[in-house]
Amino acid sequence: MKTSIRAITLAVSDLERSLRFYRDGLGLSSPGIIGTEFVRDEQNPGGSVAMFTLDNGLILSLYSRTDLAMDAGIDPDRVSGSPMSFGFFADSREDVDRILRQAEQAGGTISANPSSAHGVSMRATSPTPTVICGKRCTS
């Protein structure tokens, strides 16, 4: 059996703010928040989600922490504070600077000076993503 990951869902505390960061700040394409007609009630999670189809077909989705916990049948505290990171690899210092400017304009926090970095790593461990600069990965 061949398996592959087709979608990654990030639990977020503020769906609209997160959508603005990934769409407007990082330039990922999204139709916006969909599924708003499915409202959370005592027994069912809400359906509001923001989705981004990435170049390789992978779907990145943003979903409320509360709704994700309810959907998984777990306590919401188990869904908060999960560290994760995204990597963006750039061909030039100018590209790194452009990505950092976009992230900062979208509400991200730059946590390190990219003195000689060729890559950018986004860490989302709090409501405001933190941008950490790192070296280019080569194989």
Side-chain angles (χ1 to χ4, degrees):
M1 177 173 126
K2 181 181 175 186
T3 62
S4 61
I5 295 174
R6 301 273 188 224
I8 295 175
T9 300
L10 304 179
V12 299
S13 58
D14 185 330
L15 187 56
E16 290 182 15
R17 182 177 177 199
S18 297
L19 169 65
R20 284 191 307 272
F21 180 81
Y22 288 98
R23 183 187 60 197
D24 304 339
L26 299 182
L28 300 181
S29 179
S30 174
I33 297 173
I34 60 172
T36 56
E37 67 272 23
F38 303 104
V39 179
R40 178 187 329 126
D41 61 28
E42 291 182 23
Q43 297 177 347
N44 301 295
S48 296
V49 64
M51 296 179 144
F52 309 88
T53 301
L54 306 179
D55 292 337
N56 60 3
L58 179 69
I59 295 173
L60 172 65
S61 62
L62 307 175
Y63 195 42
S64 155
R65 289 182 194 276
T66 303
D67 289 324
L68 185 64
M70 189 174 198
D71 189 47
I74 61 174
D75 188 272
D77 290 339
R78 290 188 54 202
V79 182
S80 63
S82 300
M84 48 74 59
S85 66
F86 290 108
F88 293 84
F89 298 101
D91 293 324
S92 70
R93 174 54 195 246
E94 291 77 24
D95 288 343
V96 170
D97 291 341
R98 179 185 50 75
I99 293 168
L100 291 174
R101 273 193 310 277
Q102 284 179 297
E104 191 170 39
Q105 289 171 351
T109 302
I110 309 302
S111 69
N113 183 4
S115 57
S116 63
H118 293 289
V120 176
S121 175
M122 306 281 170
R123 265 217 222 327
T125 56
S126 65
T128 304
T130 300
V131 181
I132 301 169
C133 300
K135 303 239 183 218
R136 168 183 260 178
C137 294
T138 58
S139 54

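The chain is numbered in sequence order, starting from 1.
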Enquirer: Is Ile33 linked to Val39 within one hydrophobic cluster, defined over Ile, Leu, Val, Met, Phe, Trp and Tyr using a side-chain heavy-atom separation of less than 4.5 Å?
Expert: no
Enquirer: Tell me the closest heavy-atom pair linking Leu15 and Tyr63, and the distance in Å.
Expert: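 Here Leu15 and Tyr63 meet closest at CD1-N, 4.2 Å.
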Enquirer: Kindly write out the residues that satisfy side chain to side chain contact (heavy atoms under 4.5 Å, CB included) with Gln105, not counting sequence neighbours, or none if the list is empty.
Expert: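 By the side chain to side chain contact (heavy atoms under 4.5 Å, CB included) rule, Gln105 matches no residue at all.
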Enquirer: Taking all non-hydrogen atoms of both residues, which atom of Leu19 and which atom of Ser30 are closest, and how far apart?
Expert: CD1-OG, 3.8 Å
Enquirer: Which pair of heavy atoms, one from Ala69 and one from Pro76, lies closest together, and at what distance?
Expert: CB-CA, 3.6 Å
Enquirer: Less than 3.5 Å apart, which donor and acceptor atoms pair up between the side chains of residues 43-59 and the rest of the protein, not counting sequence neighbours?
Expert:
| residue | atom | partner | partner atom | Å |
| --- | --- | --- | --- | --- |
| Asn44 | ND2 | Asp41 | OD1 | 3.3 |
| Asn44 | ND2 | Asp41 | OD2 | 3.4 |
| Asn56 | OD1 | Leu58 | N | 3.0 |

Enquirer: Just to verify, what does Asp67 make a salt bridge (charged side-chain N to carboxylate O under 4.0 Å, His left out) with, not counting sequence neighbours?
Expert: Arg40
Enquirer: Rounded to the nearest 0.5 Å, what's the gap from CG on Leu68 to CG on Leu62? Could you check?
Expert: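 Reported to 0.5 Å precision, the distance equals 11.5 Å.
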